[in-house]
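Numbered from 1 within each chain, the chains take letters A, B, ... in sequence-line order.
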Amino acid sequence: MYLTITQRLRETLGAHIREKYGCEISITLERPPKLELGEAASPVCFELAKRLRKAPRQIAQEIAGSLPPIAGVARMEVAGGGYLNAFFDRRAFWENLRAENTGERGRVNGALGRVIVEHTSINPNKAAHIGHLRNAVLGDTMVRMLRHTGHEVAVQNYIDNTGVQVADVVITFREMEKKSLPEVKKLAGQPGFDYLCWDLYAKATQFFEEEKARAAKLRGETLKAIEEGEGEIAEMATVIADAIVSLHLRTMARLDIFYELLARESEILHLHFWDAAFEKLKASGAIQLSTSGKNAGCWIMPWGKEVKEAEEIQEVKESPTGALTSSADEDGQAKIIVRSNGTVTYVGKDIAYQLWKFGLLGKDFQYRKWPAPPDAKTVWATTTEKSDPGAPHFGEATAVYNVIDTRQAYLQEVVAEGLRALGHAREAENSIHFDYQIVALTPRCAAELGYEIAADEAKKAYVEVSGRKGHGVKADDLITKLEAAALAEVQPRHPEMPAKEQLATAHAIAAGALRFFLLKYTRNTIIAFDFKDALSFEGETGPYCQYAVVRIRAIRRKGVEAGAARAELTKESVDKFLGGVEGNGLWELVLDSGTLDYAVDAGIGAQEPAFVAKYAFQLAQGFNVFYHKHHILSETDEQKRAFLLGLTELVERQLVRALYLLGIEAPEKM
RNA sequence: GCGCCCGUAGCUCAGUUGGAUAGAGCGUCUGCCUUCUAAGCAGAGGGUCGGGAGUUCGAAUCUCCCCGGGCGCGCCA
C-alpha cells in the first residue's frame with residue numbers, strides 16, 4: 001500500500017516538475033523522521049534550487065500550491081528549508097489496506113520474466129553445516145520475495161557429484177576403511193551417513209597432507225573413473241553422492257526449503273554440455289589456445305587489463321584456428337578454461353551450465369523424479385536415462401541468481417565474461433552473483449566444540465568453518481538443539497498441550513529462530529556464530545515476531561469465547577481514531593502494516609532479505625507497544641473495540657505474510 | 001604486488017543508495033504480571049560514525065590520503 005502511494009507521488013511530482021519548470025529530475029522520497037512531518041517527504045526542491053537558481057523553500061511552496069491531487073494523499077506541506085511533505089489520507093489508507101486481500105501477488109516489478117535461483121549447492125560428500133544453511137536460507141527467502149511480487153521462479157540445486165570432494169570420500173572408504181561397494185551401500189542406507197562422511201572427509205584431508213604423492217595418484221585415478229561413470233569406483237561415488245543429497249534435502253526440509261530441480265554435474269559431463277559450450281567459445285574467439293609461455297597448451301580466456309589488448313590483437317590477427325599467436329597471455333591473469341591435458345576446469349563447466357540456464361546452449365538435460373523426496377514434494381533431477389514425459393520445462397530463464405559466497409566473486413565474473421564474449425551481453429548482465437559473507441565461529445564457540453585452533457587463528461575475531469578439518473556446526477545438530485531448547489520453553493507454558501503439538505510448536509520456534517538469525521544480518525556481514533545468540537528467543541529474533549502473532553490469535557480466541565458482538569465500524573469512528581495528533585499512535589501501526597510492499601520492493605532491489613526481517617521485527621515491536629497500551633477485549637466503547645480488533649487483524653495478516661516470506665511459520669500458541 | 005570488502009554505543013548489528021535531532025537488539029541499572037500469553041512493556045545510561053582533508057545547501061553514506069582488519073588473485077572447486 002505504501003509503495004503504491006509513494007510511486008503515485010513520485011510520478012505526479014516528476015511530471016509536474018517537468019511541466020512547470022521543464023526539467024527532468026529523479027524524485028527521491030524518504031520516510032520523515034516524525035509523523036508530524038507526514039508519511040512521505042521529498043527533498044527534491046534542494047536539488048531543483050541549483051538548477052532554477054531560486055530558494056528551495058520558494059520552489060517547494062510553488063509546487064505544493066499547484067500540484068494536482070494524488071489519490072491517497074490528503075495534502076502537501078512545505079517544511080524546513082524546503083522539504084515537500086506528503087500527508088496521507090488515513091481513512092483511505094486503512095480501508096484500501098484492509099480490502100487488499102491478494103497481497104502484492106501479480107505485481108511484477110521490472111521485466112525479469114522467468115527467473116532461476118540456484119542455491120544450496122553443497123558438495124554431496126558430508127553433512128550440511130551452518131554456512132550451507134545461510135546460503136539456502138538466503139536463497140529460499142529471495143525466492144519467496146520474488147514469487148510474492150509475481151515472478152515465475154524455478155529453484156535449482158547444483159550437485160557436484162563428480163568432483164574432488166566426492167572422490168576424496170570414495171578414496172577414504174576404499175583405501176583407509178577398506179570398505180567394499182556392498183558395504184558402502186549398506187552404510188549409505190543407514191541414518192547418520194552424512195555424519196559418518198563428515199568425519200571421513202576430515203580424515204581424507206589428513207591423508208592427503210601426509211601422503212601427498214600416493215594421494216594425488218589415487219585422486220587422479222578416482223576422479224577419472226568417476227567422470228567416465230563406469231565401474232565400481234564410479235558406482236560407489238554415485239551411491240555416496242545420492243545418499244548425501246537425499247539427506248541434505250531432508251535437512252533443508254526442516255527449514256521449509258525445497259527445490260524444483262537437482263542439476264547434477266554428472267549429466268553436464270555425460271550429456272556433453274561442455275563440448276557444446278567449447279565449440280561456441282572457440283568459434284567466437286572468446287577463448288584461445290595458448291601456444292607459448294606458462295599456459296602453453298591451455299585454452300584460456302583473457303582477463304583483466306588484458307581483455308582489451310587481446311581484443312585488439314584478435315582484430316588484427318584473426319586466426320582461423322583460434323590460436324593466439326601473440327604473447328598477450330604470457331604474464332597475465334588469463335583464466336585457464338581447458339587444461340593442457342585436455343580436461344575442462346570448473347569455470348568452463350560453469351559457463352556451459354550458465355548458458356543452459358539461459359537456453360543458449362542448444363542442449364537440454366533429461367529428467368526424472370528424485371526418489372523419496374521429503375514431505376512427498378516432487379523434486380526433479382537430471383539424468384542420462386530417458387526423460388520422464390511428465391517433466392516440466394526447465395532452463396530458458398531471463399535472469400539467474402547464483403547464490404554463492406563472496407569468495408567466489410572472481411570466478412563468477414569470469415563466467416559472466418564468458419557469456420559476454422559469446423555475444424550474450426544481456427544474459428551476462430542478468431547473471432546475478434547473489435553473494436554473501438561466510439558464517440564463522442567465534443573463538444569461544446570453536447573452543448566449546450572442542451576444536452584445536454592454531455595460535456594465529458585464536459587471535460582473530462572469528463574462526464573459519466572448515467569442512468576439510470571437520471570444523472563447523474552441523475545443520476541438523478543445530479536444529480535439533482534449537483528444538484530441544486524451544487520445547488523446554490513450551491512445555492511449562494502449555495502442559496495441557498498434546499505432546500505432538502508441543503513438538504510441532506517447538507519445531508516452528510526453532511526453525512523461526514534459526515532462519516531469522518541467518519536473515520537479520522545483511523549479506524556482506526560475516527556472521528560470527530555463537531550458540532548464545534543463535535539460541536536466543538528474545539529481542540530481535542524470530543520467536544519475538546512469532547510471539548506477536550500468537551498474542552493476536554489469543555485475543556481472537558478469547559473474543560470468540562466471550563461471544564461479544566462486533567459493531568459495524570463507521571467512517572466517522574475511523575476518522576476519529578486515526579485523526580490528528582491523538583490518532584498518531586494507532587495510525588503509525590496502520591502505516592507500518594501497510595509498508596510490507598515497500599520493504600519487499602526495497603529488499604528485492606537491494607537483494608537484501610534482511611530488509612524483510614527488519615520489517616517483520618519492527619511491525620511486531622509496534623504491535624507489542626500497542627498491545628500494552630490498549631486492552632482490546634475489555635474496551636467498552638463498541639466502535640473503539642471494533643476498530644482495535646480490525647487493526648489487530650490487519651497486523652496479523654501483514655506480519656504472517658512477512659514471516660511467510662522469511663520462511664517462518666507462526667504457531668497458534670507458544 | 002594487484003583487486004574487492006569492512007571499521008557506527010561496552011558487545012552484535014541496522015542505517016532502503018546524499019537528506020530533517022544517527023537507531024535497534026544484547027548486556028547493565030530501575031520499575032511493571034489478580035485484566036487479551038512477562039518469549040513482553042516502560043524508563044535510565046551509553047556516540048569526536050577509525051583518523052585527516054575535500055566535494056555541497058546538506059556526508060555515517062561520495063572522492064583522496066593515512067591507520068587497523070578480512071577476503072580473493074591455482075593447469076583446485
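Residue D160(A) is classed as a sugar-phosphate contact, given heavy-atom separations below 4.0 Å to backbone atoms only. If you check every strand for non-hydrogen atoms under 4.0 Å, D435(A) touches nothing. Note on S536(A): nothing from the nucleic acid sits closer than 4.0 angstrom, heavy atoms only.
Separating the P atom of U63(B) from that of C6(B) is a span of 11 Å, rounded to the nearest Å. On the C1' atoms, U12(B) is 31 Å away from C73(B), given to the nearest whole Å. Between G25(B) and G15(B), the distance separating the two C1' atoms is 14 Å to the nearest Å. Taking atom P on both nucleotides, A22(B) is separated from C49(B) by 11 Å, rounded to a whole Å. Comparing the same atom, P, in C41(B) and in C66(B) gives a spacing of 47 Å after rounding to whole Å. Here, G40(B) and A77(B) have their C1' atoms 48 Å apart, quoted to the whole Å. Here, U61(B) and G54(B) have their C1' atoms 15 Å apart, quoted to the whole Å. When the C1' atom is used for both C65(B) and G47(B), the distance is 25 Å, rounded to whole Å.
Between I527(A) and K349(A), the residue anchored closer to the 5' end of RNA chain B is I527(A), taking for each the nucleotide with the nearest heavy atom. If you find the closest nucleotide of RNA chain B to K614(A) and to R31(A), the one lying nearer the 5' end belongs to K614(A).
Looking at the side chain of A41(A), the nearest of the listed nucleotides A20(B), C76(B), A24(B) is A20(B). Of the candidate nucleotides A77(B), A20(B), C71(B), A77(B) has the atom nearest to the side chain of R339(A).
For the pair R219(A) and F208(A), the distance from NZ or CZ to the six-membered ring centre is under 6.0 Å and the angle to the ring normal is within 45 degrees. With a 6.0 Å cutoff to the six-membered ring centre and a 45° limit on the axis angle, R551(A) does not count as a cation-pi contact of F623(A). Figure legend: cation-pi geometry between K481(A) and F531(A), with NZ or CZ positioned under 6.0 Å from the six-membered ring centre and within 45° of its axis.
Of all heavy-atom pairs between Y521(A) and A610(A), the closest is O-CB, 3.7 Å.
One N or O donor and one acceptor, one from the side chain of N85(A) and one from the base of A20(B), sit under 3.5 Å apart. A donor N or O paired with an acceptor N or O is not found under 3.5 Å between the base of C71(B) and the side-chain atoms of T406(A).
Annotation: side chain of I130(A) is not in contact with side chain of I527(A) (no heavy-atom distance under 4.5 Å).
Atoms CD1 and CD1, from I244(A) and I159(A) in turn, are 11.5 Å apart once rounded to the nearest 0.5 Å.
Near RNA chain B, meaning a heavy atom under 4.0 Å away, the residues from residues 518-526 of chain A are Y521(A), T522(A), N524(A), T525(A), I526(A).
Stems are defined here as 3 or more consecutive Watson-Crick or G-U wobble pairs with pairing distances under 3.5 Å; those involving RNA chain B are B:1-7 with B:67-73, B:10-13 with B:23-26, B:28-32 with B:40-44, B:50-54 with B:62-66.
Taking atom CZ on R444(A) and atom P on U12(B), their separation rounds to 12 Å, with Å as the unit.
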Worksheet item: Just by protein heavy atoms under 4.0 Å, how would nucleotides 33-46 of chain B read 5' to 3' in B, S and -?
Response: --BBBSBBSS----
